[in-house]
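I have placed the structure first, in the form of C-alpha cells, so that the comments after it can refer back to it.
These numbers were taken from a predicted model, which means no experiment stands behind them. Every number for a ligand or one of its atoms is a count from 1 in the order of the listing.
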Amino acid sequence: MMDARPNSPEARDIRYHMHGYTNARKHQETGPLVIEKGDGVYVEDIAGNRYIEAMAGLWSVAVGFSEKRLVEAATRQMSKLPFYHDFGSKAHSPLIDLAEKLVQMAPVPMSKAYFTNSGSEANDTAIKMIWYRSNALGQPARKKIISRKRGYHGVTIASASLTGLPNNHLSFDLPIANILHTSTPHHWRDAQPGESEEQFSARLADELEKLILAEGPETIAAFIGEPIMGAGGVVVPPAGYWEKIQAVLSKYGILLVADEVICGFGRTGEMFGSQTFGIKPDIMVLSKQISSSYLPISALLINDKVFEPIADESNRIGTFGHGFTGGGHPVAAAVALENIKLIEERDLVGNARKVGAHLQARLRKLASHPLVGEVRGVGLIAAVELVADKATKASWGKPAALGALVNGFLQQNGVISRNMGDAIAFCPPLIITEAQIDVLVDAFERSLDAALPQVHPQG
Ligand SMILES: Cc1ncc(COP(=O)(O)O)c(C=O)c1O
C-alpha cells in the first residue's frame with residue numbers, strides 16, 4: 001500500500017525520479033513499490049511486506065539478495081585498489097584473474113575477454129568489433145547484422161536496434177541501418193497447423209537463408225541471438241533450431257554472437273545456454289549473473305577469428321579506439337570472481353537443473369487451467385502464457401491486460417514476477433529450494449484462480 005504522506009518515499013519518488021521501463025504518466029498516480037532490503041530469495045518493501053523475488057531482480061541475482069561473501073570481496077578490493085582501468089596496456093589482478101577464468105570456462109575455444117559495464121554496452125561493443133573486423137579483412141561491405149523479432153539485446157542506439165521489440169524502437173527513430181530482423185522461433189504461437197518443431201525450425205532456417213541471399217551474403221557480418229529469448233517472453237527454441245540456423249551461418253561464413261546475458265552462469269541447468277542448445281558462438285556476451293548484479297559488469301569473449309583481424313587493424317591504426325572508463329572495474333571484477341566461485345562451490349548449476357526440473361513440472365501441471373495457453377522453460381527460467389480462449393489463443397481484450405491482472409494478484413500473494421505481454425515469467429535466484437518453488441507456484445495458482453471470474457464471468 002502506498003504511503004500518501006507528502007514527504008513519504010513514494011511521494012518523493014513521484015516528485016524527483018523518472019523510471020526505466022515505466023509508463024511515466026501512470027506512475028504519477030500509482031507511485032512506486034519501494035524495496036528496502038533483501039534476504040536470500042526474498043525482498044522486503046518499506047511497509048514490511050516480504051516477496052519471493054521470482055525474477056532474481058532483473059534475471060540476474062544468482063546467489064540471492066544477502067550474500068556476505070560478495071560484500072566482503074567488494075570491501076577487500078575497495079580498500080586495496082578502488083579503481084583502475086585497462087587502457088594503454090594497464091592491468092590489475094582482479095581483471096587478469098577474471099579474464100583467465102572466463103576464457104577457461106567458455107564451452108568453445110575462446111581467445112580473449114573484453115570488459116564493459118552492461119549488457120547493452122557489451123552488445124554495442126560486439127557490433128563495433130564486428131564492423132572493425134570486416135574492415136580489417138578488406139570486406140567493408142560486410143556490415144549487416146541479423147537479429148530476431150522479440151530478441152532482446154539492450155537499449156543503447158545500436159543494441160536497441162538489435163532488440164526486436166516495438167517498444168524499444170517506437171519514437172526513438174530506431175532501428176539504425178544495417179540491422180535486419182528474422183522470425184521468432186516460437187512454435188506454439190507461429191507454427192503452421194500440423195507443423196512439427198523440426199519442420200518449423202527448418203522453415204525458419206530456410207527463411208534465414210533466403211534473407212541472406214536477398215541481401216547478398218557478402219554484406220552479412222553476423223547473426224546474434226539469445227540461446228533462450230528472455231525479455232521477448234522466454235521463448236525456448238524448438239527442436240533442431242540452433243543446429244539448422246548454424247548450418248546456414250557457416251555456409252556463408254557469418255559470425256555467430258550468443259547473447260548469454262540471461263542464460264549464462266547456470267540459468268538453464270548448464271553453465272551456459274550455448275551448452276544446453278549446442279551453440280558454437282564466435283562471440284559470447286556475458287553480464288547479469290556474472291556478478292549476481294551486485295555491481296555492474298559485463299564481458300565479451302571472442303575467438304581467434306574475431307581477435308586476430310582486430311589486433312592487426314589496431315596495429316595498423318595505432319590503437320583499438322574503444323573502451324569505457326568503468327569497463328572491468330576492479331571492485332566489480334572482484335565481486336564477479338567471488339560470485340563465480342560461489343556458483344561453482346555450491347553447485348548452483350546443478351541446483352538450477354534439479355530445482356528447475358521441479359519448477360517446470362509444477363508449472364506444467366497448470367497447463368489445463370482455463371487461462372493457461374502455454375507453459376515453457378528450461379532449468380530455472382520459465383514462462384506461462386495466458387489466454388482468454390485456449391482454442392484460438394486469443395488474448396483478453398487488449399494484449400497484456402490479462403498478464404498485468406495476474407501479475408498484480410501475484411504481487412498481492414507475495415511474489416514479484418513480470419508479465420511480458422501476457423506471458424508471466426519466472427526466473428528466480430539459483431539458490432531457490434523446492435519448498436520455495438512450491439510457495440511460489442501455489443501463489444501463482446491462487447492468482448490465476450483470482451483472475452478467472454473477471455475473464456470468464458459466466459463461469
Ligand atoms: C539477453 C540480454 N541482452 C542484453 C541485455 C541488456 O543488458 P543491460 O540492461 O545490462 O544493458 C539484457 C537485459 O535484460 C538481456 O536480457
Using a strict threshold of under 4.0 Å (side-chain N to carboxylate O), is an ion pair present between [Y] and [X]?
X	Y	answer
Glu345	Arg69	yes
Glu344	Lys101	yes
Glu215	Lys144	yes

### Task
List the steps, then state whether ring-ring contact (aromatic ring centres under 6.0 Å, His included) holds for His92 with His329.
CA-CA 9 Å; His92 52 74; His329 192 285; 8.0 Å; no
### Task
Please name the pair of heavy atoms, one in Ala62 and one in Ile343, separated by the smallest distance, quoted to 0.1 Å.
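Smallest interatomic distance, heavy atoms only, reads CB-CD1, 4.3 Å.
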How far is [atom] from the closest protein heavy atom, and which atom is that?
atom	answer
atom 11 (O) of ligand 1	Ser120 OG, 2.5 Å
atom 14 (O) of ligand 1	Lys288 NZ, 2.8 Å
atom 2 (C) of ligand 1	Tyr152 O, 3.3 Å

### Query
Do any nitrogen or oxygen atoms of His153 come within less than 3.5 Å of a nitrogen or oxygen of ligand 1?
no
### Message
Does any N or O of ligand 1 fall below 3.5 Å from an N or O anywhere on Ser287, backbone included?
### Response
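Such a contact does not occur with ligand 1.
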### Task
For ligand 1, indicate whether the residue Leu58 contacts it via side chain, backbone, both or neither (heavy-atom separation under 4.0 Å).
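No part of Leu58 comes within reach of ligand 1.
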### Message
Please evaluate residues Lys244 and Glu198 with respect to the criterion salt bridge (Lys or Arg N to Asp or Glu O under 4.0 Å), reporting the C-alpha separation (whole Å), side-chain torsions for both, the decisive distance (0.1 Å), and the verdict.
### Response
CA-CA 9 Å; Lys244 290 174 170 54; Glu198 286 280 352; 2.6 Å; yes
Below 4.0 angstrom from a heavy atom of [X], which ligand 1 atoms are there? Numbered from 1 as shown, please.
X	answer
Asp259	1 (C), 2 (C), 3 (N), 4 (C)
Glu226	1 (C)
Ile262	16 (O)
Asn123	3 (N), 4 (C)
Ser118	10 (O), 11 (O)

### Near-ring test Phe277/Tyr241, centroid separation under 6.0 angstrom
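Here the rings of Phe277 and Tyr241 have centres that are no less than 6.0 Å from each other.
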### Task
With ring-ring contact (aromatic ring centres under 6.0 Å, His included) as the test, would you mind laying out the steps for Phe426 and Phe444 before giving the verdict?
CA-CA 10 Å; Phe426 298 104; Phe444 180 52; 5.1 Å; yes
#### Entry: From Gly225, Ser60, Gly119 - option closest to atom 10 (O) of ligand 1 by heavy atom
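The option holding the nearest heavy atom is Gly119.
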